[in-house]
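Below is one structure, written out as structure tokens; the observations come after it.
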Amino acid sequence: MTKPSTALVIGASRGLGLALVEEWCGRGWRVTATARGHSDQLATLATRFPGSLETEVVDINSADSVQSLQQRLNDHHFDVLFVNAGIARSIESTPVDVDETDFLDMMLTNALAPVRTIELLRNLVLDRGVLAVMSSELGSITQNTNSRWQFYSASKAALNMLMKGYATRHPDDTCALLLVAPGWVRTELGGDDASLSIGESIPLVVDTIDANRGKPGLRYLDRFNKTLPW
Ligand SMILES: NC(=O)c1ccc[n+]([C@@H]2O[C@H](COP(=O)([O-])OP(=O)(O)OC[C@H]3O[C@@H](n4cnc5c(N)ncnc54)[C@H](OP(=O)(O)O)[C@@H]3O)[C@@H](O)[C@H]2O)c1
């Protein structure tokens, strides 16, 4: 029997992260999934997949918390690390009226912390594996014409740039480095007006990850594995 593939999903208490975990477990993978604290939904999922889903705790905004996770998992080797965690605040605001704390929180949680997490957990990922971060179509400076979500969009564009920085500093990394845009999806963050259900997005995101295994290099991709303009 072939060994099951393995994934570490960061930010899996609910929404798209939880769905990624469910999708990979359903495909027979072994998954380690993290939440910031206790998540009823993740705990329920773990009872459905005993033996293939283990849960962990991490807050990516704390480098110490990520380093502790790295130490707890240092006997693990993953085919895929997917940093999904993200937040959206002040989505209607303009530079004149935005709450500065909201802006700074998004820059930390959506841009700095995910790439720092990739750096700190890189040694848990197998060579020729996948290092993926959940970006957004709104992070594309070329394509984005949305007059709302401006600071969230800026934080995802900053995420893309920081991943480009990672790729530049680690030119010999054998992993695929993926910035993945899942589409506009109905979750707490996406809201009720979003065009897609979770089921219309996440299986395609997982297919996209699969299609990029063993292919080193940085790519900004949508859920159909199509390249997005920066
Ligand atoms: N929904 C969309 O339309 C859409 C579109 C494009 C991109 N995205 C991106 O997809 C990702 C998931 O979004 P979602 O729609 O599933 O949102 P969500 O339902 O609000 O879930 C966000 C997840 O991120 C976690 N998280 C937030 N801050 C964290 C931190 N400091 N450390 C660890 N985990 C943290 C949350 O944990 P808690 O439960 O502890 O808060 C939760 O699990 C985000 O990066 C988002 O920007 C979403």
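Residue numbers count from 1 along this sequence.
The salt bridge (Lys or Arg N to Asp or Glu O under 4.0 Å) analysis of residues 182-203, with sequence neighbours excluded, yields the pairs Arg14-Glu188. For residues 91-108, the salt bridge (Lys or Arg N to Asp or Glu O under 4.0 Å) pairs, not counting sequence neighbours, are Glu92-Arg148.
In terms of the side chain to side chain donor-acceptor pair (under 3.5 Å) criterion, residue partners of Ser5 (sequence neighbours excluded) are, by chain and number, Arg213. The side chain to side chain donor-acceptor pair (under 3.5 Å) check on Arg122 picks up Asp127, Asp173, with sequence neighbours excluded. The ring pair (Phe, Tyr, Trp, His ring centres under 6.0 Å) check on Trp29 picks up Trp24, with sequence neighbours excluded. With sequence neighbours excluded, no residue forms a ring pair (Phe, Tyr, Trp, His ring centres under 6.0 Å) with His77.
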* **Worked verdict on Leu45 versus Glu22 for side chain to side chain contact (heavy atoms under 4.5 Å, CB included)** => CA-CA 7 Å; Leu45 199 57; Glu22 184 172 14; 3.9 Å; yes

* Is there a side chain to side chain contact (heavy atoms under 4.5 Å, CB included) between Asp79 and Val130 once you walk through the steps? -> CA-CA 6 Å; Asp79 295 290; Val130 177; over 6 Å; no

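Looking at Tyr220, its side chain does come within 3.5 Å of a backbone N or O of Ser140 through a donor-acceptor pair.
Other residues, nucleotides and ligands place more than 12 heavy atoms under 6.0 Å from the CZ atom of Arg223. Within a 6.0 Å radius of CD1 in Ile141, no more than 12 heavy atoms belonging to other residues, nucleotides or ligands are found.
Comment: Asp207 engages Arg27 in a salt bridge, judged by a side-chain N to carboxylate O separation of less than 4.0 angstrom.
Using a 3.5 Å distance cut-off with no hydrogens or angles, the side chains of Glu54 and His76 do pair a donor with an acceptor.
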